[in-house]
**Q** 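Below: one structure in structure tokens.
Naming convention: chains lettered A, B, ... in sequence-line order (proteins, then strands); numbering from 1 in each chain. Keep in mind that the numbers below use all heavy atoms, side chains included, and drop hydrogens, waters and symmetry copies.
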Amino acid sequence: MRGRGAIGTDRSLAPYLFIAPAALLVLATVLLPILMSGWISLHQWSMLTPITSMEWVGLDNYAAIFRDASFLRALTNTLVFAAALVFIALPLSLLLAVLIHQGRIRGSGAVLAVLFATYVIPTVAVALLWGYLLSPRGGPVNEILDAVGLPIQPWLGSPRTALWSLVLLTTWQYLGYFTTILIAGLTQVPREYYEAAEIDGAGLLTRLVRITIPLLRRPLTFAIAICVINGLGVFDAVNVLTKGGPSDSTNVVTLHAVRTAFDFGSAGRAAAMTVVLLGAVAAAVGTVLWMGRDLPDA
Amino acid sequence: MTSYALAGHRLDPHDGVAGMAEPVSRRSTMRIVRSAGIGLAAVVALSGGVATAQEPVTVTYLTHWVPDWVAQLEEAATAFEAQNPDVDVEIRAVPFGDLLTTLKTQAASPGGPTAAGIYNLWLPELARDGIAAPAPEEFLADITANWPASAVDGASVDDVNYGYPNEINTYALNYNKRLFEEAGIDAPPATWDELIDAAQKLTKKDGDLITQQGFGLINSWPAGVVHPFYSMVASDGGDIVDGTTPTMDSGATAEVMALYERLVGELGVTAPEMGQADANTRGPFMDNFANGSTAMMIMANWWQGSLKDAMGDSYADVATAPIPVGPGGDASRPVSYEWLTMVNGQATPEQQDAAWRFLQFINSPESGATASAMGDILMSNGIIPSRTSDIDAYSTVLTGDPFLKTYVDSLATAVPFPMILGGQELSEMIQKKLEAIEFGEMSAADAAAQAQAEATQILSQYYE
């Protein structure tokens, strides 16, 4: 019996032992850098000297970044960018998903394949492509606007339009990805629900609001969370196309942190920025997941 | 030996287009390095980062040069290796925008760069943190004997030299002669009043839309914004700092900001949206000058090669003139800055010694055809070398090329960009304030006041 008890105890530990290697890997590659960033954010350090030479400054770096007009602008731009993605890319994706799933678009398979292709193209390539398309003089988009009698736009060349130009290209890039996720969710919705609703006289909008969206709760929650994470972490397109300009209008937290760390030699302030960004991501994603969980099942 | 691909693009080394020719894997690697962020950088620092000696000694030379420049440098490296079989030289090319980041993230690692070509604004920080090694006595004697004192100063911090000066760049007014003739203007502007008058005559509009701007300003690129601005300030008798004390809200600095505000607003001769630079320091600002949509702008001599490529036969329309002198100035005083090659102070003593010997070789007259190998490479692309014997060897070209002559002549009155700790941050802060003026987001007076406050805060991190 004693032996069995020992074996039983061992078995209760077994699951933990199995996941221990993976957990340690996650700890070392995810948690440790996060904790180190938090620790570094409380110090002054240039990254070029041994880490043991860091000078303790407490919360000074946090005070400094919230006095930094560029950081505040970058934080605002980042939040606006993420929100714009959620409120532009996701509704468009939902609309496309419904149309494709209901077979209202001819060649829907090909359309979906083309849409998804934009997601697998590297962001740098997407940025370069859109940099050409949105070129103020001679760019195809402005040529089209001019041809149909609409005023041409400065796009990336003006603070008024630059951030929205980046939202446009990012929406284009992610549209296929979110559409695919939502179509996968739509395949799980029983057709009988729609048939019953139609018999009851429910229109397209009613069916969308009362059946589709509630039953897409989980994929929609996932899509919103991914959208928020990608939006708050935007870097590549900004770095390639605008470097945060003109006039800080496209500066985002990731770019500002990279500049602060590597160009200005202030790893402490950069780490404080990344901690603030991490807090924003955690708060936003936590809220999305909470709201997703709070919705009643249809 | 070289770690980039797609050779054959002939592009200016300062535009960072080397990055465009990189394989995706390198780009991905750079993103990963960035994404890993501060925490991982700390892990690198914890590793100690002391290079180990190897046989033969490997010297890794980090540069932002484009492929055909690197090919020329490799020829010189091969010649050096033939004379020094104990040394293996590797040339590593990264885009300009990644140069400082690469240097900072890899300097302490065993496989990091042994030597690097750098912009001298970065030198104070690299010297402070021991990344840039002071020149040993033997090489210091070579440098001080063969370079002008001003060039040696540009590669020094607190009178300690940290490398071989390579090139010197300065700024001038670039203008389109054809557009000047069409507008009936006989000569380039020499004063602010003449600049305004010429810009008004050269500006064309379609309704409110400027289709041809009289005077172009660059945006979205720190040096492209700040260097022309500083040249205007210096040519108006002022400076952005007095030692390490900012002077942003008065005198010439405030006057040039007010001039920018007038050019864009009241006078309507500058269209900021035509001045955008992309990540490769090219883009619309250059396209608009090349295709005749910008009549005048202030730029550095190094873009001559890019202009020739972009304009073809129309390059004959390009002319250069000194920076227009402001009401408070006594002469045209363009900003100047240097590039130098430094040796990594974190490399092993054997690597450092081999690196210094390599730098001495490529900067010596024996290594090149007309001048030093460095001088030959630079001059083949319209860049002014700083070694005295290189300048002498190319004196005919430097004074005979009308484009370059303006720049060479202006060196006598050029003002070095302040080499102070926090210089890069200061530069980017000024850039943002100027762009805010250009795009009507801030008045010149507010921008000057805010710039003064922020400059004071930036410099207070490093100076009492």
**Q** Check step by step if side-chain contact (heavy atoms from CB on, under 4.5 Å) holds for B:R128 and A:S46.
**A** CA-CA 10 Å; B:R128 179 197 64 185; A:S46 74; 3.6 Å; yes

**Q** Give, as side chain, backbone, both or neither, the part of B:E428 having an atom under 4.5 angstrom from any heavy atom of chain A.
**A** side chain

**Q** Taking all non-hydrogen atoms of both residues into account, name the closest pair between B:E273 and A:P154 and its distance.
**A** CB-CB, 3.8 Å

**Q** Using a cut-off of under 4.5 Å for heavy-atom pairs, which of A:S247, A:A69, A:S249, A:G244 has the most such pairs with chain B?
**A** A:S247

**Q** Rounded to the nearest 0.5 Å, what separates atom OG1 in B:T101 from atom CE in A:M47?
**A** 8.5 Å

**Q** Counting only heavy atoms closer than 4.5 Å, note whether B:L103 contacts chain A via side chain, backbone, both or neither.
**A** neither

**Q** Are side-chain heavy atoms of A:N251 and B:K432 found at a separation under 4.5 Å?
**A** yes

**Q** Mark yes when over 12 heavy atoms from residues, nucleotides or ligands other than A:F116 sit less than 6.0 Å from its CZ; otherwise mark no.
**A** yes

**Q** Using non-hydrogen atoms and a 4.5 Å limit, figure out which bit of B:Q457 sits close to chain A: side chain, backbone, both or neither.
**A** side chain

**Q** Give the minimum heavy-atom separation between A:A261 and B:K104, together with the two atoms involved.
**A** O-NZ, 4.3 Å

**Q** CD of B:Q424 to OG1 of A:T260: how many Å apart, nearest 0.5 Å?
**A** 11.5 Å

**Q** Check whether A:L156 gets within reach of chain B through its side chain, its backbone, both or neither, counting any heavy atom under 4.5 Å.
**A** both

**Q** Report the distance from atom OG1 of B:T102 to atom CZ of A:F262, rounding to the nearest 0.5 Å.
**A** 9.5 Å

**Q** Identify which part of B:E441 has an atom lying under 4.5 Å from any heavy atom of chain A, answering side chain, backbone, both or neither.
**A** side chain

**Q** Could you look at B:M274 and say if it's the side chain, the backbone, both or neither that has a heavy atom under 4.5 Å from chain A?
**A** side chain

**Q** Of all the heavy-atom pairs spanning A:T49 and B:D129, show the shortest one and how long it is.
**A** CG2-OD1, 3.5 Å

**Q** Return the CZ to CD distance between A:R269 and B:Q461, rounded to the nearest 0.5 Å.
**A** 4.5 Å

**Q** Do you know which of A:S158, A:S70, A:G157 has the most heavy-atom pairs with chain B at a distance under 4.5 angstrom?
**A** A:G157

**Q** Which atoms of A:R259 come close to chain B, meaning under 4.5 Å heavy atom to heavy atom: side chain ones, backbone ones, both, or neither?
**A** side chain

**Q** What part of B:Y462 gets within 4.5 angstrom of chain A, counting heavy atoms only: side chain, backbone, both, or neither?
**A** side chain

**Q** Given a strict heavy-atom distance threshold of 4.5 Å, which part of A:A125 is in contact with chain B: side chain, backbone, both, or neither?
**A** neither

**Q** Side chain from CB out, backbone as N, CA, C, O: work out which of these in B:E438 comes under 4.5 Å of a heavy atom of chain A, or both, or neither.
**A** neither

**Q** Are there more than 12 heavy atoms of other residues, nucleotides or ligands under 6.0 Å from atom CD of B:Q450?
**A** yes

**Q** Can you name the nearest heavy-atom pair linking B:F439 to A:P246, along with the distance?
**A** CE1-CB, 3.3 Å

**Q** With a 4.5 angstrom heavy-atom cut-off, which part of B:N288 approaches chain A: side chain, backbone, both or neither?
**A** side chain

**Q** Side chain, backbone, both or neither: which part of B:Q276 has an atom under 4.5 Å from a heavy atom of chain A?
**A** side chain

